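Throughout, a chain's letter reflects where its sequence line sits, starting with A, and its residues are numbered from 1. Since the model is a prediction, treat every value here as computed from it, not as a measurement. For the numbers below, each heavy atom of this structure counts, side chains included, while hydrogens, waters and symmetry mates do not.
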2 protein chains.
Amino acid sequence: MELPEAKQKFIEAWGKLGSEWGINRTMAQVHALLLVTPETLTTEEIMEALSISRGNANMTLRDLMSWGLVEKQHKAGERKEYFYADKNTWNIARQVAKERRKRELDPVLKILDELTKVEGDKKDPAYQTFNKSVTDINKLAKNVDKTLETMLKAEESWFWGSIFKIFK
Amino acid sequence: MELPEAKQKFIEAWGKLGSEWGINRTMAQVHALLLVTPETLTTEEIMEALSISRGNANMTLRDLMSWGLVEKQHKAGERKEYFYADKNTWNIARQVAKERRKRELDPVLKILDELTKVEGDKKDPAYQTFNKSVTDINKLAKNVDKTLETMLKAEESWFWGSIFKIFK
DNA sequence: TTAAACTTTCAATATATTTTGAAAGTTCAA
DNA sequence: TTGAACTTTCAAAATATATTGAAAGTTTAA
């Protein structure tokens with residue numbers, strides 16, 4: 001396989017995985033494109049490379065910046081904006097974990113905490129079942145939350161080293 | 001908050017979280033409903049409780065069964081099918097991890113492995129960047145894969161115990 | 001100022017996903 | 001067999017999500 005075809009495959013695969021995990025396909029593709037590109041790219045070049053409109057490119061790049069995955073660069077004496085992606089995979093993973101925790105896990109944890117406190121007739125199977133499920137899911141979610149917390153602070157090699165030492 | 005309202009909130013929250021993570025909202029809601037219901041439910045009852053159509057209920061229940069989260073029960077002398085959900089949270093987490101690994105992670109790993117093998121000019125920055133990104137992501141994905149593997153085999157208390165012992 | 005070079009916005013459009021519901025299919029007791 | 005009681009299917013409709021592109025906005029050099 002030649003490089004251009006390989007790049008294309010990577011961009012497609014990344015886009016598909018993203019869309020399966022609730023991330024807009026175009027956003028994942030733009031990110032993938034920047035990941036395999038050594039230089040910075042302009043909006044124009046991204047539009048061209050992925051055949052997307054100016055509006056789409058602009059919004060997607062803003063999104064990627066809000067996720068902390070892409071940054072703008074200004075070049076002296078130029079009006080154009082240049083974009084590049086952090087290529088450190090561990091940073092990417094942490095950044096995604098951080099944002100999804102904040103945007104999706106935290107709000108659910110808040111609701112689960114409330115629901116855990118709902119009172120009811122302890123003899124009522126409906127109440128028992130509700131309470132058990134909510135409490136158990138809450139515990140699991142909190143464990144995930146704590147693990148993410150640790151991951152956010154950790155160095156990659158230490159993190160996996162620790163995991164595999166235990167799971168040997 | 002009273003139980004019926006609390007159930008409703010739980011179903012909504014679960015549906016929202018599901019849809020943010022690429023799982024059909026209705027599917028997550030039906031699952032949530034079954035999780036907080038002590039008895040088995042019929043298609044009819046699920047349609048009623050969530051105001052969804054027969055076709056939707058039928059397809060969603062099949063989906064949930066294919067994910068291994070819900071099972072059918074036949075009652076002696078009855079034609080109707082009764083559905084119930086496994087309420088063990090750790091089983092649920094494992095089952096979801098198992099299916100998503102098979103459906104989404106494995107195919108991507110296969111592509112990444114191929115892309116890792118793409119040859120090119122080692123002096124070419126385009127090749128260098130492509131190769132580094134793909135190789136690094138491949139390593140990360142493999143570590144995730146191994147961790148999931150371990151999780152699938154593990155007991156809940158052992159799993160979290162091990163994680164937190166290390167992450168103290 | 002002006003106007004060229006660029007970025008941003010957003011209503012309209014296109015696309016993808018989900019849901020409906022009626023018809024077809026199945027099962028089984030009589 | 002028949003037909004009542006149920007389940008499944010799937011084309012059409014509804015809804016949700018993503019994309020376009022032209023117009024408006026911004027910035028800067030002259």
Side-chain angles (χ1 to χ4, degrees), chain A residues 11-12 14-34 40-67 69-84 100 103-104, chain B residues 11-12 14-34 40-67 69-84 100 103-104:
Chain A
I11 290 167
E12 272 166 33
W14 215 234
K16 181 148 184 271
L17 187 67
S19 70
E20 286 164 343
W21 286 82
I23 284 155
N24 175 323
R25 184 167 63 238
T26 301
M27 183 168 150
Q29 288 183 338
V30 170
H31 187 224
L33 173 64
L34 288 168
T40 56
L41 292 178
T42 62
T43 301
E44 212 78 30
E45 289 168 325
I46 291 166
M47 289 164 58
E48 159 86 7
L50 301 176
S51 306
I52 61 175
S53 72
R54 182 173 304 284
N56 196 3
N58 182 266
M59 283 187 150
T60 297
L61 285 165
R62 285 159 127 273
D63 255 6
L64 282 168
M65 287 189 291
S66 87
W67 277 75
L69 296 172
V70 164
E71 295 187 30
K72 263 186 202 174
Q73 197 174 72
H74 288 283
K75 295 198 177 175
E78 289 213 47
R79 294 282 314 281
K80 246 182 273 185
E81 296 183 323
Y82 292 81
F83 299 91
Y84 70 98
R100 298 204 80 154
R103 295 171 191 214
E104 295 147 19
Chain B
I11 290 168
E12 273 167 33
W14 215 234
K16 181 150 184 271
L17 188 67
S19 71
E20 286 165 342
W21 285 82
I23 284 155
N24 174 324
R25 184 167 65 238
T26 301
M27 182 168 151
Q29 287 183 339
V30 171
H31 188 223
L33 173 64
L34 288 168
T40 55
L41 293 177
T42 62
T43 301
E44 212 77 32
E45 289 168 324
I46 292 166
M47 287 164 60
E48 160 86 5
L50 300 176
S51 306
I52 60 174
S53 71
R54 184 173 302 284
N56 197 2
N58 181 268
M59 283 187 149
T60 297
L61 286 165
R62 284 158 129 274
D63 255 6
L64 281 168
M65 288 188 291
S66 87
W67 277 75
L69 297 172
V70 164
E71 292 188 31
K72 262 187 202 173
Q73 197 174 71
H74 287 283
K75 295 198 178 175
E78 289 212 48
R79 294 282 312 281
K80 244 181 274 186
E81 296 182 323
Y82 292 81
F83 297 92
Y84 69 98
R100 298 204 80 157
R103 296 174 191 213
E104 296 147 18

Given [options], the nucleotide with the shortest approach to the side chain of [X]:
| X | options | result |
| --- | --- | --- |
| B:T26 | C:dT18, D:dT9, D:dA18 | C:dT18 |
| A:R62 | D:dT20, C:dT8, D:dA16 | C:dT8 |
| A:K72 | C:dT8, D:dT7, C:dT19 | C:dT8 |
| B:E81 | D:dT8, C:dT9, D:dT20 | D:dT8 |
| A:R25 | C:dT7, C:dA16, D:dT8 | C:dA16 |

Check the distance between [N]'s [atom2] and [X]'s [atom1] and give it to me in whole angstrom.
| X | N | atom1 | atom2 | result |
| --- | --- | --- | --- | --- |
| B:E48 | C:dT20 | CD | P | 14 Å |
| B:R54 | D:dT9 | CZ | P | 14 Å |
| B:L61 | D:dC6 | CG | C1' | 14 Å |
| B:N56 | C:dT20 | CG | P | 5 Å |
| B:M59 | D:dT9 | CE | P | 7 Å |

Most 5' of B:F83 and A:A57 on DNA chain D, judged by nearest nucleotide: B:F83
Residue mapping more 5' on DNA chain D - nearest nucleotide basis, B:E78 or A:I23: B:E78
Distance-only polar pair, side chains of A:Q29 and A:W14, donor-acceptor under 3.5 Å: no
Any B:T43 side-chain nitrogen or oxygen under 4.0 Å from OP1 or OP2 of D:dC6: no
A:R103/B:E20 salt bridge by N-O under 4.0 Å criterion: no
Check ion pair B:K75-B:E81 (N to O, under 4.0 angstrom): no
B:S19 (side chain) donor-acceptor with B:K16 (main chain) under 3.5 angstrom: yes
Quiz item: B:R79 side-chain donor-acceptor pair to C:dT27 base, under 3.5 Å: yes
Residue pair B:R62 / B:W67, side-chain heavy-atom distance below 4.5 Å: no
DNA chain C: 5'-proximal contact among A:K80 and B:M27 (nearest heavy atom): A:K80
